[in-house]
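So the structure is just underneath, and the comments pick up after that.
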Amino acid sequence: MPNGWWYMPPEPVPADPGWDEDLAWLDRDPERETWLDRAREHDEPPLDEEYEDHEPLTEEELAEIGEAAADELLAVEAATTGRRGPGQPGSVRVFPGESRSPAAAFGPGMVFDVLPGCAQLAVAADAAAGDDGFAGVSEAELVGLMCAWDRVEAHAAARKLAVVAELDRRNPKPEDAEFTADQVANALGESRFRADELMGTAGHLDTHLPGTSAALRDGIVSLSKARIIAAATGLLDAAEARAAEQEVLDRAGRLTPGGLRAAIARAVMEAAPEKARKRRETSARFARVERWAEDSGNAALAGRELPPAEVLAADERITARARELKAAGLEGSTDELRARAYLDLLLGQDSRPAGFRPAGSRAGQPGAIPAGFASRVTLTVPLVTLTRLAGRPGELSGLGPVDPWLARDLAGAAARNPKTTWCVTVTDQHGHAIGHGCARPEPKSHRKRAGPGPPGFCFTPASRDGPPGSGYGTWRLRTPGPGPGLIITLDPVATDPCDHRHQAKGHDPGARLRHLSQVRHATCTGPVCRRPAAQCDHEHNIPYEAGGRTCLCNTGPKCRHDHRLKQHPKWRVDQLPDGTFRWTTPSGRTYDTEPTRYPI
């Protein structure tokens, strides 16, 4: 793993790193290592035929396993208090024979309560669950089961990372190593960013962090905590990384993520202060503002890699503005008022009630849609939602799905903006585009005859006879407000077979072909890429120089990375007649990218 790698988390780090309220931490007895090594020797999964007649372990069999392991466990001498860390006993008091539940061996201090993560622990925990009813299992034993599965999860993650590291080692050539993350991303259904991060973590644990790797394999730390350590030490050489991890490993399992992040950051600064400073200064060149969709349907906006002093000053200003809003009578919690103050400062608006607004300030209704927003984004809304015949969600580019009410509000705001452009896409039952048309203003000679615009959206045939039976032809779209009616001619988006009606004679596509290609695939045709098609190359699947058509049946959007990936001799891409792109990786596995599914 080259020095200088580090991972920046996709979400902002909380201002409060969390309390380190955990107290005692048991050191592992070195004499126990012989038993642990033997347990690890049998991690290989059983052969398929061994599963055929597999029955749940009986209580007697579980007891035998527990007794065999207990013979080699050393008694824990010191008591512990506070929240326990993964892999550590919750109590040193053992009560053998006092519980008859199927999870008795997972009670405080019992054999499976202190067993490191391994395949055998998973089998025992699965058997102890029974039918998931947990009849007769005490709360203490439930906690033991929960922690056992946590250790098993960490153990499985360690094994997975070992495989990823080996895959990386087998592709040492630069021309192959560049695209190894694409194999990982396609196989796991992850983004390329996440695949890069996974490979970076795997490689760094393998070469620089043996202690963290072992702790993850045993279940002492979780995958998320191992990632925190790997990300923080990514800029260090092997010796420095090991020195830094040793400063936190004795308590990493019991620290909260925020507490661990702060602890390893201090350790890195102590191990290599100049490198820590250099990373801070280098990362400042990647300062940016990010937006993303919240799971609730709202959105988030955050600045990243900003100067710490200015962030603190900005935070204080937001707080001061929130106090002004509260003093003016605006209701809401501290967080709500800070969020409103944040938007007020960004948008230059004032959410205080009118009676408190200073002269000359611009009013802004809290939560109102800013004027002109539609000139900056693409909004996709089912026609039945706009016409209130149904309540299906829409989609806002850069954020994702929006509920029907917000979709209508956004469309209404767009209709008030004269710069808004309108298109209509016809889909099949799966949401794939099969027809498309772009709006143009209705001729002036027709406007007076058509009468005033409707109070809402309306989509009707442009003539008394209407379009042909297929639905393709000319339609009239009316939007709310005083604007003119719009004429839209719907043409098929040909797939199988292609009629080549929009084929260009030369290498470069015409505007209509490029637009229809971006309608059919709204994002890059790479299996895990979500870059908008408008920001991609218009790429020939069969090269134009090799006789490939400049047509819908042989072109599609690919980001520059996937364009180069497709040209790698070990990769292959086939464009199927229905518009699907089939990618074949160097390992022979295939992944399909279907045309975009629109809201229907």
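These figures come from a predicted structure and were not determined experimentally.
- With sequence neighbours excluded, the residues satisfying side-chain contact (heavy atoms from CB on, under 4.5 Å) with V519 are T425, A433, H436, H515, Y598.
- Residues E274 and R277 are paired through a salt bridge, judged by an N-O separation under 4.0 Å between the basic side chain and the carboxylate.
- In this structure R560 satisfies the salt bridge (charged side-chain N to carboxylate O under 4.0 Å, His left out) test together with D537, sequence neighbours excluded.
- Nearest heavy atoms, P210 versus R242: CD-NE, 3.5 Å.
- A donor-acceptor contact shorter than 3.5 Å is absent between the side chain of D250 and the backbone of Q246.
- When each of V184, N186, D562 is tested with R192 by the rule side chain to side chain contact (heavy atoms under 4.5 Å, CB included), just one qualifies, namely D562.
- Side-chain contact, D335 with S333: no donor N or O sits under 3.5 Å from an acceptor N or O.
- Within 6.0 Å of CZ on R317 lie no more than 12 heavy atoms contributed by other residues, nucleotides or ligands.
- Shown here are the salt bridge (charged side-chain N to carboxylate O under 4.0 Å, His left out) partners of R514, two or more places apart in sequence or in another chain: there are none.
- V384 meets the side-chain contact (heavy atoms from CB on, under 4.5 Å) test with P382, L389, A390, R392; sequence neighbours excluded.
- For R531, the CZ atom is loosely surrounded, since the number of other residues' heavy atoms within 6.0 Å does not exceed 12.
- D168 and T180 form no side-chain donor-acceptor contact under 3.5 Å, judged by distance and modelled atom types alone.
- No more than 12 heavy atoms of other residues, nucleotides or ligands sit less than 6.0 Å from atom CD of E139.
- Salt bridge E281/K278: absent, no basic N to carboxylate O contact under 4.0 Å.
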Identify every side-chain donor-acceptor pair in residues 523-530 under 3.5 Å, counting partners at least two apart or on other chains, and give the distances.
unit_1: T525; atom_1: OG1; unit_2: P557; atom_2: O; d: 2.9

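- Using a 4.0 Å cut-off between charged nitrogen and carboxylate oxygen, R321 and D350 count as a salt-bridge pair.
- Under a 3.5 Å cut-off, the side chain of T201 and the backbone N or O of R227 do not form any donor-acceptor pair.
- Using a 4.0 Å cut-off between charged side-chain N and carboxylate O, R266 and E247 make no salt bridge.
- By the side-chain contact (heavy atoms from CB on, under 4.5 Å) test, L343 pairs with R340, sequence neighbours left out.
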